[in-house]
Amino acid sequence: MSNSTRCGDTDMVDDARLERLQGMLRQRGILLPAFDLYGGAKGLYDFGPVGGRLRSKINQAWLNHWISLGNVVEISSPTVTPYEVLEASGHVGEFSDFMTQCGECGEASRADTLLENHHPNPDSLNIGDLQSLLDEVSPNCPACGSASWSPIEAQNLMFSTTIGAGESGRPGFMRPETAQGMFTMFPALYRHFREQLPFGAVQVGKGYRNEISPRQGMIRLREFNMAEMEYFIDPESQETHDFSSWETTPMALIDGDGNLHNQSLSDAVDAHLIRHQTVGFFMGKTYDFLLNLGIDADKIRFRQHAPDEMAHYASDCWDAELLGSYGWIECVGIAHRGCYDLEAHENASGRTLRARREFSEPKIIEIDGWTIDGGVAGPAFRGDAGQVKVLVESLDSDTEFPTEVALDDGRTLTVESEHVKRVQKTVKETGEWYIPHVVEPAFGIDRILWHVLDHAYDESEKGGEPYRMLKLSSLVAPVDVVILPLFEKDGMGRIASDLHKRCCLIPNLVSMYDASGSIGKRYARADEIGVPICITVDHQSLEDNTVTMRTRDDGSQVRISIDDLPFL
RNA sequence: GCGAGCGUAGUGUAGUGGUUAUCACCGAGCGUUGCCAACGCUUGAACCCGGGUUCGAGUCCCGGCGCUCGCACCA
C-alpha cells in the first residue's frame with residue numbers, strides 16, 4: 001500500500017474537484033456504485049455503459065503491451081481456487097484467521113486465541129493441527145463457558161466457499177490474485193515454450209479480497225480487476241535487456257530508505273539500486289504502458305519496498321505509484337519472487353516444477369565409494385536398512401569393514417564387509433534441473449483506470465461557464481467517434497445516420513449518433529465522455545459529401561470528404 | 001471492527017413536526033436557430049431501507065445499509 005506521507009504531497013488533494021469528477025462519472029455512466037438499487041455494497045463498483053468499454057480497452061492494451069515481448073502468452077485460470085493451492089502459496093497463513101463458532105451461544109472466536117495457553121505459538125499451526133489441538137483441549141467459550149466448537153474455518157481476507165455440494169464439497173477460496181494460475185500451469189507453459197526460458201504468461205481477471213474496511217472509491221475494492229505477468233527466468237543466465245529507449249529519461253526512484261534518486265533506469269541498474277536487470281526492464285515497460293494510457297509522466301514514481309515491508313515471497317520489489325486525487329497510490333508492483341512460488345507448489349503437490357539447464361561442457365563425475373548389498377543387508381538390518389544405505393554411501397572409498405555407523409536415534413550398528421558392495425563408475429552429466437525464478441509485474445487495473453480518468457479530467461471555462469472534458473487517449477477512449485447531424489432535416493439526418501451505420505460495421509470502432517439539443521451541447525456531451533473526434537453533417541454535406549471533423553482537445557475543425565475519413 | 005459526521009430526482013442542492021417537497025443543471029418530445037452547454041412550449045425524475053414516537057415524520061428516536069473522516073486493518 002502506498003506510503004503517502006513519506007514524500008509529502010498528499011495534502012494537495014483537491015476534494016471539491018474530486019467530488020465534481022465523481023459526480024460526472026456517475027452521471028455519464030462511467031463509474032457507479034454497484035447494486036445501488038439495493039442500497040449499495042461497499043467495495044464493489046459498476047463500470048457503466050461507458051466505463052465498461054474503458055475497462056476492456058485498458059485490459060486489451062495491457063495484454064497487447066506484454067504479449068508484444070514475443071515470449072509471453074495469455075492464459076486464463078479459474079477464480080474459484082481449491083484450499084490447498086492457496087495454502088501452498090502462503091495465502092491461507094498470511095490472509096486468514098482460523099475461526100470456530102461456539103455451538104451453544106454462536107459466538108465466533110479465533111482458534112489460535114482460544115488455544116493461547118496450550119501451545120507456545122498457536123498462530124503458526126496449520127488448520128489440521130489447530131483442529132486436533134482444539135479437539136484435545138476443548139477450551140471453554142469466553143462468552144458462555146460451554147465447550148462445544150464447530151469445525152475450524154479459515155476466514156477473513158479471502159472469500160471462502162465450498163467447491164461442490166454436500167459431503168463431496170471441498171473447501172476453496174475466490175482467488176486473491178491471478179498469479180497462482182500461472183504457477184500451477186507451469187508444466188504446460190514449459191512445454192509450450194519448448195523448454196526454453198525465459199518466458200512469461202499473462203492473465204487479466206478478477207481477484208477478491210474481503211477487505212475489512214474498503215475506502216477511497218476505486219482504490220480499495222473487494223472485487224477488483226488485476227493483470228499480472230509471471231516471467232520465468234534462469235537465475236544463472238541473466239537476460240540482457242535493451243534500456244536504450246529510457247537512457248535519457250530520468251525516473252523518480254525512491255529507495256528502501258525513502259531517498260529520492262532521479263536517475264535513468266540503466267544507471268539505477270548499474271548502481272545496483274535496482275537489484276535485478278529484468279525488474280528494471282519491466283519498470284521501463286510499465287512506464288511506457290502508463291504513458292500510452294495517458295497517465296502524466298510527472299505523476300509517476302517508483303518506490304522500492306523497505307525490507308520489512310516486502311511481501312512474504314519477494315526479494316526485491318518496486319511499486320509504481322501514481323499521483324491523483326488520493327495522493328500517491330500504489331498501482332503496480334514489480335516483484336522479484338525468486339523461486340518461492342514454484343518451490344512451494346513443488347513441496348505441497350509433490351510434483352516437479354523445474355526447468356533443465358544444459359552444461360556447456362558435460363560434467364564427468366568419478367564415483368568411487370560404497371553401497372549396500374541389498375540381498376544381504378536388507379534381511380540383516382530390516383527397518384534400519386534404508387538409513388544404513390545412506391550412511392554407507394557417504395563413507396570414504398578407503399573405509400575398511402567391519403565399521404560402525406551411528407543412526408539418528410543414537411544406536412550404533414556394525415556393518416560387515418558382506419553387507420556392502422564397492423561402487424566405481426563414471427557418470428556423465430550434461431545438465432541439471434533447477435527451479436526457475438520469477439519476476440512478476442502485477443497491475444491493479446481499477447486503480448490505473450481511476451488515474452487515467454483523474455489525469456484526463458480537465459476543467460476549464462467556456463463563455464463563463466465551467467466546462468469539463470476527459471482528454472482520454474484514443475487508445476482507451478470508450479467511444480471513438482460521434483456522428484452529429486447539424487439538423488435532422490433536408491437529408492442531413494439521413495446522411496448522418498448512414499455514416500453512423502457504416503461506422504458501426506467497422507470492428508473495434510464504437511460510434512454514437514446524437515441529434516438532440518444544440519450542436520454545442522452535443523459537443524459538450526461528447527467531450528465529457530472523452531470522444532476524440534466529432535463528425536458533423538451540415539448543409540454543405542448535402543452538396544459535396546463532405547463533413548467537418550472536430551478534434552476534442554483543441555476544438556479545431558477541418559472539412560473532409562466522407563470517403564477520406566481516417567477511421568473508415 | 002470502534003468512534004464522529006452525513007444520506008432528498010441522473011447530478012448538485014433547498015427544506016421551523018403541518019397543503020401537491022424547492023431551485024438549477026440534466027433527460028425526453030415539439031418548434032425555432034443553422035458549428036461549440038442559445039431560446040420557447042410540453043414533459044420526465046427524489047426524501048437510503050425497516051421499525052418506533054406522533055393526530056401528522058424528509059425533519060425526532062432506534063436498528064440496518066451506504067458515504068466521508070479519524071483509530072485499527074491493508075498478501
Side-chain angles (χ1 to χ4, degrees), chain A residues 1-3 15-16 18-30 32-44 48-49 86 89-97 108 156-158 173 175-177 179-180 207-217 219-222 226 305 309-314 317 326 329-330 333 335 337 340-341 440 442 460-469 484-490 492 514-528 534-542 547-552 554-557 559:
Chain A
M1 202 50 53
S2 74
N3 186 336
D15 288 336
L18 173 59
E19 277 173 31
R20 289 191 298 271
L21 171 56
Q22 282 175 330
M24 189 187 87
L25 295 176
R26 276 198 295 275
Q27 186 167 18
R28 292 296 174 205
I30 299 173
L32 312 99
F35 308 116
D36 201 34
L37 206 55
Y38 289 92
K42 220 174 184 178
L44 301 174
L86 292 161
S89 68
H91 287 92
V92 171
E94 295 283 333
F95 269 65
S96 299
D97 291 330
N156 243 346
L157 283 175
M158 292 193 289
F173 297 104
R175 66 182 177 197
E177 59 173 30
Q180 299 311 318
Y208 302 83
R209 292 178 199 180
N210 203 356
E211 295 282 355
I212 292 167
S213 175
R215 290 275 170 93
Q216 298 180 299
I219 304 302
R220 266 175 77 200
L221 298 170
R222 289 197 165 121
M226 56 200 321
H305 281 207
E309 184 187 5
M310 212 101 70
H312 58 276
Y313 46 73
C317 187
Y326 299 106
I329 297 292
E330 170 203 339
R337 297 172 73 124
Y340 176 87
D341 302 277
E440 177 199 78
S460 59
E461 278 201 2
K462 211 171 206 175
E465 293 288 310
Y467 197 88
R468 323 192 229 259
M469 68 164 78
L484 310 165
L486 199 52
F487 289 94
E488 274 185 315
K489 63 179 188 187
D490 304 333
M492 285 183 278
D514 190 357
S516 142
S518 73
I519 191 72
K521 175 173 283 191
R522 285 179 273 162
Y523 286 145
R525 276 197 288 246
D527 287 342
E528 285 197 352
C534 291
I535 302 298
T536 304
V537 175
D538 59 11
H539 290 94
Q540 195 176 329
S541 311
L542 299 168
V547 291
T548 61
M549 185 167 78
R550 170 191 180 268
T551 305
R552 176 195 63 208
D554 57 9
S556 67
Q557 275 178 298
R559 181 160 288 278

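Reckoned from all heavy atoms, side chains included, excluding hydrogens, waters and symmetry mates.
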Taking only the [atom1] atom of each, what is the distance from [N] to [M] in whole angstrom?
{"N": "B/C47", "M": "B/G15", "atom1": "C1'", "result": "11 Å"}
{"N": "B/G17", "M": "B/G52", "atom1": "C1'", "result": "15 Å"}
{"N": "B/C23", "M": "B/A14", "atom1": "P", "result": "14 Å"}
{"N": "B/C25", "M": "B/A38", "atom1": "P", "result": "10 Å"}
{"N": "B/U32", "M": "B/C41", "atom1": "C1'", "result": "11 Å"}
{"N": "B/C73", "M": "B/C49", "atom1": "C1'", "result": "28 Å"}
{"N": "B/G18", "M": "B/G7", "atom1": "C1'", "result": "24 Å"}
{"N": "B/C65", "M": "B/U20", "atom1": "C1'", "result": "31 Å"}

All heavy atoms of A/Glu488 vs all of A/Ala515, minimum pair found to be CD-CB, 3.4 Å

From the list [options], which nucleotide is the closest neighbour of the side chain of [X]?
{"X": "A/Ser518", "options": "B/G34, B/C36, B/A37", "answer": "B/A37"}
{"X": "A/Ser516", "options": "B/A28, B/A37, B/C36", "answer": "B/A28"}
{"X": "A/His539", "options": "B/G12, B/C36, B/G34", "answer": "B/G34"}
{"X": "A/Leu486", "options": "B/A37, B/C36, B/C35", "answer": "B/C35"}
{"X": "A/Arg220", "options": "B/C26, B/C74, B/C36", "answer": "B/C74"}
{"X": "A/Thr536", "options": "B/C35, B/C36, B/C26", "answer": "B/C35"}
{"X": "A/Tyr467", "options": "B/G27, B/A37, B/G12", "answer": "B/A37"}

Whichever of A/Gly520 and A/Met226 has the more 5' nearest nucleotide on RNA chain B, that residue is A/Gly520

Atom-to-atom span, [atom1] of [X] to [atom2] of [N] - whole angstrom:
{"X": "A/Arg222", "N": "B/G1", "atom1": "CZ", "atom2": "C1'", "answer": "11 Å"}
{"X": "A/Lys42", "N": "B/C49", "atom1": "NZ", "atom2": "P", "answer": "20 Å"}
{"X": "A/Arg522", "N": "B/G27", "atom1": "CZ", "atom2": "P", "answer": "12 Å"}
{"X": "A/His91", "N": "B/C74", "atom1": "NE2", "atom2": "P", "answer": "14 Å"}
{"X": "A/Leu32", "N": "B/G66", "atom1": "CG", "atom2": "C1'", "answer": "15 Å"}
{"X": "A/Ile519", "N": "B/A37", "atom1": "CD1", "atom2": "P", "answer": "10 Å"}
{"X": "A/Glu528", "N": "B/G10", "atom1": "CD", "atom2": "C1'", "answer": "12 Å"}
{"X": "A/Tyr523", "N": "B/A37", "atom1": "OH", "atom2": "C1'", "answer": "13 Å"}

Heavy atoms only, 4.0 Å cut-off, all strands: where does [X] land among base, sugar-phosphate and nothing?
{"X": "A/Arg525", "value": "sugar-phosphate"}
{"X": "A/Gln557", "value": "base"}
{"X": "A/Gln27", "value": "base"}
{"X": "A/Glu461", "value": "nothing"}

Quick one: does any side-chain atom of A/Arg26 pair with a main-chain N or O of A/Pro33 as donor and acceptor, under 3.5 Å?
no

Answer yes or no: is there a donor N or O on one side and an acceptor on the other, between the side chain of A/Ser518 and the main chain of A/Lys521, under 3.5 Å? yes

One should read off an interatomic distance between A/Leu221 CG and A/Gln216 CD, to the nearest 0.5 angstrom, of 11.0 Å

Separation between CD (A/Glu19) and CG (A/Leu21), nearest 0.5 Å, reads 11.0 Å

Discussion item. Salt bridge or not between A/Arg559 and A/Asp538? Use side-chain N to carboxylate O under 4.0 Å.
Written reply: yes

Considering Watson-Crick and G-U wobble pairs with both distances under 3.5 Å, what does [N] pair with?
{"N": "B/G58", "answer": "none"}
{"N": "B/U13", "answer": "none"}
{"N": "B/C47", "answer": "none"}
{"N": "B/G5", "answer": "B/C67"}

Short side-chain N/O contact to B/G34 OP1/OP2 from A/Lys489, under 4.0 Å | no

task = Give a yes/no on whether any side-chain N or O of A/Lys521 is located under 4.0 angstrom from OP1 or OP2 of B/C25.
result = no

*Side chains of A/Gln180 and A/Arg175: does their closest heavy-atom pair fall under 4.5 Å?*
no

Exactly one of A/Arg522, A/Arg468, A/Arg552, A/Arg550 clears side chain to side chain donor-acceptor pair (under 3.5 Å) with A/Asp527, and that residue is A/Arg550

